[in-house]
Protein chains: 2
Amino acid sequence: MNSLTEENYLKTLFVLANESGEVNVIDLSKRLNIKMPTVTSMMKKLAVKKLVHYESYKPLRLTERGKKEAGIIIRKHRLTEMFLVQVMNFGWEEVHEIAEQLEHTHSPDFFEKMDEMLGYPKIDPHGSPIPDKNGKIEWKKYSKLSNCRVGEALKLTAVIDSSEEFLKFLNSRELKLGLKVKVKSIEPFDGTMVISYGKKLNETLSQTVTKRLLGELIQG
Amino acid sequence: MNSLTEENYLKTLFVLANESGEVNVIDLSKRLNIKMPTVTSMMKKLAVKKLVHYESYKPLRLTERGKKEAGIIIRKHRLTEMFLVQVMNFGWEEVHEIAEQLEHTHSPDFFEKMDEMLGYPKIDPHGSPIPDKNGKIEWKKYSKLSNCRVGEALKLTAVIDSSEEFLKFLNSRELKLGLKVKVKSIEPFDGTMVISYGKKLNETLSQTVTKRLLGELIQG
DNA sequence: TAATTTTGTTAGATGAATCTAATTTAGTAG
DNA sequence: CTACTAAATTAGATTCATCTAACAAAATTA
Ligand SMILES: [Mn+2]
Ligand SMILES: [Mn+2]
Ligand SMILES: [Mn+2]
Ligand SMILES: [Mn+2]
């Protein structure tokens, strides 16, 4: 059994590897707010447990077992977020912090029941894929709104940032997953976009925002 | 903020005080499966935090603050059990272990929402009272089935032992809270009772069992 | 009351997870 | 290629929660 601390290292390693390829000690250190020497010694410990491949001065890599364990923790996190939104009626901006705690619950039955109640969902409230029981993730390749051109339309499917601040901002603009947004114009200088969706016909979004919104291009 | 470890000491101290009056180091030690010197040092630590009154060789006592904090943890435990049974459809024998973990979740909103979804319940699935938001408990004085006499009837309201084994035994006899049980006869030698309830007209229960069943005496 | 047993405390060690300071290795920029 | 900078490691300290061994106090028994 892994400690809560070990679980957090595994999960973060997994997430970082998927958002930027190679993960170095300094990356984990920054993301976890833990100093580098602490990270190094934890990596050695996890290497002994065959959860990471560790070689000094080389990028950090999860073993297959490490990936599986990490995937299962992420599964629990995302199922929990979905449960909180769907069953308990929380807003999508409120669930991450609670899920950070519940994801460490050791009870297969608990998550099994959630999964069942939710009808075996494939994505969480932020559009992130929910790993299967073996920790495997099915990746979808979405387009960033920031990469769209004038005239193109996108069906929003996921956010890259699930922080409360960002999601509250989206709430304030009535932006939610599933919406079809159309690019009206783009300011060449800083990439600011004017888009339309739902009842909003002229909403302006900075690139900071459009880079965090993912979706599927729509024909037409 | 108290650590998970501290929370477990507080909760156990509270529970023991209510089931047997005075609590000594050895009692906590046994209940928590932690050696006495460890308990002693934790008591000193909690005394510094003004959560327990500690004097060497004297019984252990929670301060008012300690009682409040303990009560809130127990509230979270029992609300969780109720939620697991009512909302997630777990059996009453399955919920204690999960609640042991979820009770340490730091999120007032989470338990607030549970409470609301459950309609502000006053008791948990085992008939134990749920403390209010200030950790205060309203005690009901129930009678033990083992103290009933032949001819008396009891409406079952609580169990004293919520271990999986005991509850599975009750399930196997279709004994649940709310049932009216009537004492048909008592074996004077060992207190074994024959009772009737529902469709069962001649069920035999040992004193080990009848001592763990509580209820309200019914007239008639 | 004296001896014995039970309960509790003190002292000191351990392992987990963290830190700071010092040192080493790797990468980058002249 | 050398000098500087960034990243990583080593060494050693700290805090928390735990333990064992030894000792002391309180309670029980004879
Ligand atoms: Mn999340
Ligand atoms: Mn999410
Ligand atoms: Mn319980
Ligand atoms: Mn209960």
Side-chain angles (χ1 to χ4, degrees), chain A residues 1-17 19-62 66 69-70 73 100-101 103-104 106, chain B residues 1-17 19-62 66 69-70 73 100-101 103-104 106:
Chain A
M1 196 71 326
N2 304 310
S3 69
L4 182 147
T5 309
E6 291 168 331
E7 290 193 348
N8 281 331
Y9 279 91
L10 291 174
K11 182 185 61 159
T12 307
L13 201 39
F14 190 99
V15 168
L16 285 177
E19 70 189 40
S20 38
E22 291 203 339
V23 182
N24 297 300
V25 173
I26 201 172
D27 307 317
L28 251 187
S29 171
K30 280 178 178 154
R31 185 63 69 96
L32 291 168
N33 280 306
I34 283 174
K35 297 289 177 290
M36 293 205 305
T38 309
V39 172
T40 298
S41 54
M42 181 56 83
M43 288 308 104
K44 290 176 175 175
K45 189 180 167 196
L46 294 178
V48 172
K49 296 180 84 172
K50 303 283 184 208
L51 294 165
V52 304
H53 295 295
Y54 175 76
E55 289 177 90
S56 338
Y57 302 105
K58 294 268 165 65
L60 305 168
R61 284 165 41 235
L62 287 168
E69 313 249 313
I73 300 159
E100 283 292 305
Q101 300 181 59
E103 73 190 3
H104 302 290
H106 293 295
Chain B
M1 196 69 328
N2 303 312
S3 69
L4 181 147
T5 309
E6 291 168 332
E7 289 192 350
N8 281 331
Y9 279 91
L10 291 174
K11 183 186 60 158
T12 307
L13 201 38
F14 189 100
V15 167
L16 284 177
E19 69 189 41
S20 36
E22 291 204 338
V23 183
N24 298 301
V25 173
I26 201 171
D27 307 318
L28 251 188
S29 171
K30 281 179 178 154
R31 184 65 69 99
L32 291 169
N33 279 305
I34 284 173
K35 297 289 177 289
M36 290 203 303
T38 309
V39 172
T40 299
S41 54
M42 181 56 83
M43 288 306 105
K44 290 178 174 175
K45 188 179 168 197
L46 293 178
V48 171
K49 297 180 83 172
K50 304 281 184 212
L51 294 165
V52 304
H53 295 296
Y54 175 76
E55 288 178 273
S56 337
Y57 301 105
K58 295 268 165 64
L60 305 168
R61 283 166 41 237
L62 286 168
E69 312 248 314
I73 300 159
E100 283 292 306
Q101 300 181 60
E103 73 190 1
H104 302 290
H106 292 296

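What you see is a predicted model, and the numbers here were worked out from it, not measured in a lab. Below, read A as the first sequence line, B as the second, and so on, with proteins coming before strands; counting in each chain starts at 1.
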Check: Within a radius of less than 6.0 Å around NZ of B:Lys50, do more than 12 heavy atoms belonging to other residues, nucleotides or ligands occur?
Finding: no
Checklist line | B:Glu100 CD to B:Leu4 CG distance, which is reported to the nearest 0.5 Å | finding: 10.0 Å
Next item on the list: Would you indicate what A:Thr38 reaches in the nucleic acid, counting non-hydrogen atoms under 4.0 angstrom: base, sugar-phosphate, or nothing?
Entry: base
Notebook entry, point to check: What does B:Ser41 touch in the nucleic acid at a heavy-atom separation under 4.0 angstrom: a base, only the sugar-phosphate, or nothing?
Noted result: base
Check: Starting at CZ of B:Arg31 and ending at P of C:dT7, how long is that distance when rounded to a whole Å?
Finding: 16 Å
Next item on the list: Quickly work out the A:Ile26 CD1 to D:dT9 C1' distance and round it to whole Å.
Entry: 13 Å
Item checked: side-chain N/O A:Tyr9 vs C:dA16 OP1/OP2, d < 4.0 Å -> no
Check: CE of B:Met1 versus C1' of D:dC16: gap in Å, rounded?
Finding: 17 Å
Notebook entry, point to check: Once you round it to whole Å, what is the distance between C1' of D:dT9 and NZ of A:Lys58?
Noted result: 15 Å
Item checked: Any B:Lys44 side-chain N or O less than 4.0 Å from OP1/OP2 of C:dT9 -> no
Notebook entry, point to check: Between C:dT9, C:dT18, D:dA8, which one does the side chain of A:Thr40 approach most closely?
Noted result: D:dA8
Checklist line | Protein-nucleotide distance (B:Glu55, atom CD; D:dA26, atom P), rounded to Å | finding: 12 Å
Notebook entry, point to check: How long is the line joining CD of B:Glu22 and C1' of C:dT7, in whole Å?
Noted result: 14 Å
Check: Any side-chain N or O of B:Lys35 less than 4.0 Å from the OP1 or OP2 oxygen of C:dG8?
Finding: no
Margin query: If I compare all heavy atoms of B:Val39 with all of B:Ser29, which pair ends up nearest, and what's the gap?
Written below: CG2-CA, 3.8 Å
Notebook entry, point to check: Hey, which of B:Thr40, B:Leu13, B:Ile34, B:Thr38 is the one that makes side-chain contact (heavy atoms from CB on, under 4.5 Å) with B:Leu28?
Noted result: B:Leu13
Item checked: Residues, nucleotides or ligands: over 12 heavy atoms within 6.0 Å of B:Glu22 CD -> no
Next item on the list: Nearest whole angstrom, please: distance from the P of C:dT9 to the CE of B:Met43.
Entry: 10 Å
Note to self: If the cut-off is 4.0 Å, is B:Tyr57 near the phosphate of C:dT10, judged by side-chain N/O to OP1 or OP2?
What the structure shows: no
Margin query: Closest approach to the side chain of A:Met36, judged atom by atom: which nucleotide of D:dA8, D:dT18, C:dT9 is it?
Written below: D:dA8
Notebook entry, point to check: For A:Asn33 and C:dT18, what is the distance between atoms CG and P respectively, to the nearest whole Å?
Noted result: 11 Å
